[in-house]
Engineer: 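Right, I'll just put the structure down here and ask away after.
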Amino acid sequence: MESQTMSSTFGTLFRVTTFGESHGKGVGAVVDGCPPGLTLGEKDIQPQLDRRRPGQTRLTTEREEADQVTILSGVENGRVLGSPIAMCVANKDQRPGDYAQMQSVPRPSHADYTYQMKYGIRTSSGGGRSSARETIGRVVAGAIADKYLHEEYGIEIVAWVSSVSTITADEIDENLITREKTDETPVRCPSPEKAEQMMRAIMAAKEDKDSLGGIISCVCRHVPAGLGEPVFEKMEACLAQAMLSIPATKGFEIGSGFGGTRMPGSRHNDPFIKKEGRLGTATNHSGGVQGGISNGEPIFFRVAFKPPATIGKAQNTADFEGNNVSLEAKGRHDPCVVPRAVPIVESMAALVIADLTLQQRMR
Ligand SMILES: Cc1cc2nc3c(=O)[nH]c(=O)nc-3n(C[C@H](O)[C@H](O)[C@H](O)COP(=O)(O)O)c2cc1C
């Protein structure tokens, strides 16, 4: 049977294909279209992988993976050649035995049922491609895009946890926030007081064999005006697609987002003012994008993540045959995904902006 889909490939000119299952031998990505000459080594990629890695703190899954990246091709003497850059990361700490009951019982709100319906077959454990291990490919590719954007344009992409469950930190200044500041707390919320409350809530949920959702905010600074391809590849449309392709995401907002609907236009409009060497805006309810094209202001958006599905608490559900069963999921799972999803959001933003940058250069 021939498949015409390219569902594991993302981007037009800066293109990434991710590969690998959760409990297979390894995962990774092939990047095609990275501009040649960029200086690149594994040390440029590893820091973002370390931020995504499981087992970092007690707030995340206890699966223990070193997640060391190896560059297989496309780089010589520390410079990108312009040929495909293949990168892989080995899986080491698989425990397929943890998934024995889940072979007959699809996990509520996970992807076991839908993968089975779509493909008629699925991996016997760990969620296969629906597992967050797939996002390693996005992070290794995103780290390259991020380096390119930083060196070529001075672009800075920073994401942080702005809420966990009902605890919200809305006092963060997106003009000043840095990755270093975000990493000062294990939950990756730059407000120490709110971070403390979030960590307590996550530990209580873990204790209770339950899980919590949260929101990640992200800012992309120094993005030049003019990026985004109206009408179907608008900047915000590409960002929304990229973000909603991350597992466990449930919402995307740019600029004022849903909250903006409560403002009159007179307050919502962003008046133009003269800024250093360009026309800028006094406020940024637009989130740095107008008409699908970047306007030179910081691009600001938020991504909502649900409480992860695999929980140890007993749940009444049905097996594949339709028989009522009680499921208490075994295995090591994240009680809340947002602390680890921060570098994934940054990586997907970098992939979108790198691709739109190359498209603008083609004009
Ligand atoms: C960083 C990260 C870690 C995750 N860890 C888990 C986990 O431990 N257990 C789980 O059930 N889901 C986890 N997920 C979410 C699942 O992969 C996702 O919910 C599942 O594939 C179903 O897809 P959907 O929620 O997008 O519909 C994680 C997601 C991310 C981004």
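Atoms within a ligand are numbered from 1 in the order they appear, just like the ligands themselves. Keep in mind the model is a prediction, meaning the values are calculated, not measured.
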Engineer: Does Ile344 reach ligand 1 with a nitrogen or oxygen that is under 3.5 Å from one of the ligand's nitrogen or oxygen atoms?
Structural biologist: no

Engineer: Could you check whether any side-chain heavy atom of Phe305 comes within less than 4.5 Å of a side-chain heavy atom of Ile246, counting everything from C-beta outward?
Structural biologist: yes

Engineer: Among all protein heavy atoms, pick out the one at the shortest distance from atom 2 (C) of ligand 1; state its residue, atom name and that distance to 0.1 Å.
Structural biologist: Ala132 CB, 3.4 Å

Engineer: Does the side chain of Thr9 come under 3.5 Å of the side chain of Thr17 through a donor N or O and an acceptor N or O?
Structural biologist: yes

Engineer: Side chains of Asp50 and Gln46: do they bring a donor and an acceptor to under 3.5 Å?
Structural biologist: yes

Engineer: Measure the CZ-CE distance between Arg122 and Met117 for me, rounded to the nearest 0.5 Å.
Structural biologist: 9.0 Å

Engineer: How far is atom 13 (C) of ligand 1 from the closest protein heavy atom, and which atom is that?
Structural biologist: Pro308 CB, 4.0 Å

Engineer: With only distance considered, is Lys306 within less than 3.5 Å of ligand 1 through an N or O on each side?
Structural biologist: yes

Engineer: Return a yes/no value for Ser131: is any of its N or O atoms, backbone included, closer than 3.5 angstrom to an N or O of ligand 1?
Structural biologist: no

Engineer: Classify the side-chain pair Thr18/Glu134 by whether it contains a donor and acceptor separated by less than 3.5 Å.
Structural biologist: yes

Engineer: Look at atom 8 (O) of ligand 1 and say which protein heavy atom is nearest, naming residue and atom and giving the distance to 0.1 Å.
Structural biologist: Asp334 N, 2.7 Å

Engineer: Quick one: nearest non-hydrogen protein atom to atom 23 (O) of ligand 1, plus distance?
Structural biologist: Ala248 N, 4.3 Å

Engineer: At under 4.0 Å between heavy atoms, which part of Arg52 makes contact with ligand 1: side chain, backbone, both or neither?
Structural biologist: neither

Engineer: Ser191: what forms a side-chain contact (heavy atoms from CB on, under 4.5 Å) with it, not counting sequence neighbours?
Structural biologist: Ala169, Glu171, Ile172, Cys189, Glu193, Lys194

Engineer: Is the closest side-chain donor-acceptor distance between Thr317 and Arg107 under 3.5 Å?
Structural biologist: no

Engineer: Report the part of Thr135 in contact with ligand 1, treating N, CA, C, O as backbone and CB onward as side chain, heavy atoms under 4.0 Å; options are side chain, backbone, both, neither.
Structural biologist: neither

Engineer: His333 heavy atoms, cut-off 4.0 Å: which ligand 1 atoms fall inside?
Structural biologist: 7 (C), 8 (O), 9 (N)

Engineer: Using a 3.5 Å cut-off on N or O atoms only, is Ser130 in polar contact with ligand 1?
Structural biologist: yes

Engineer: Where is the nearest protein heavy atom to atom 31 (C) of ligand 1: which residue, which atom, and how far?
Structural biologist: Pro247 O, 3.5 Å

Engineer: Heavy-atom distance to atom 14 (N) of ligand 1: which of Thr60, Ile246, Val337 wins?
Structural biologist: Val337

Engineer: Suppose we measure from atom 11 (O) of ligand 1 to each protein heavy atom; which comes out shortest, and what is that distance?
Structural biologist: Thr310 OG1, 2.4 Å

Engineer: Under 4.5 Å side-chain heavy-atom separation, chaining through any Ile, Leu, Val, Met, Phe, Trp or Tyr, what else clusters with Leu176? Say none if it is isolated.
Structural biologist: none

Engineer: Show the atoms of ligand 1 that are less than 4.0 angstrom away from any heavy atom in His110.
Structural biologist: 10 (C), 11 (O), 12 (N), 16 (C), 20 (C), 21 (O)

Engineer: Say you draw a straight line from CD of Gln241 to CZ of Phe10; how long is it, rounded to the nearest 0.5 Å?
Structural biologist: 5.5 Å

Engineer: Can you spot which of Asp355, Asp32, Leu356 makes a side-chain contact (heavy atoms from CB on, under 4.5 Å) with Leu13?
Structural biologist: Asp355

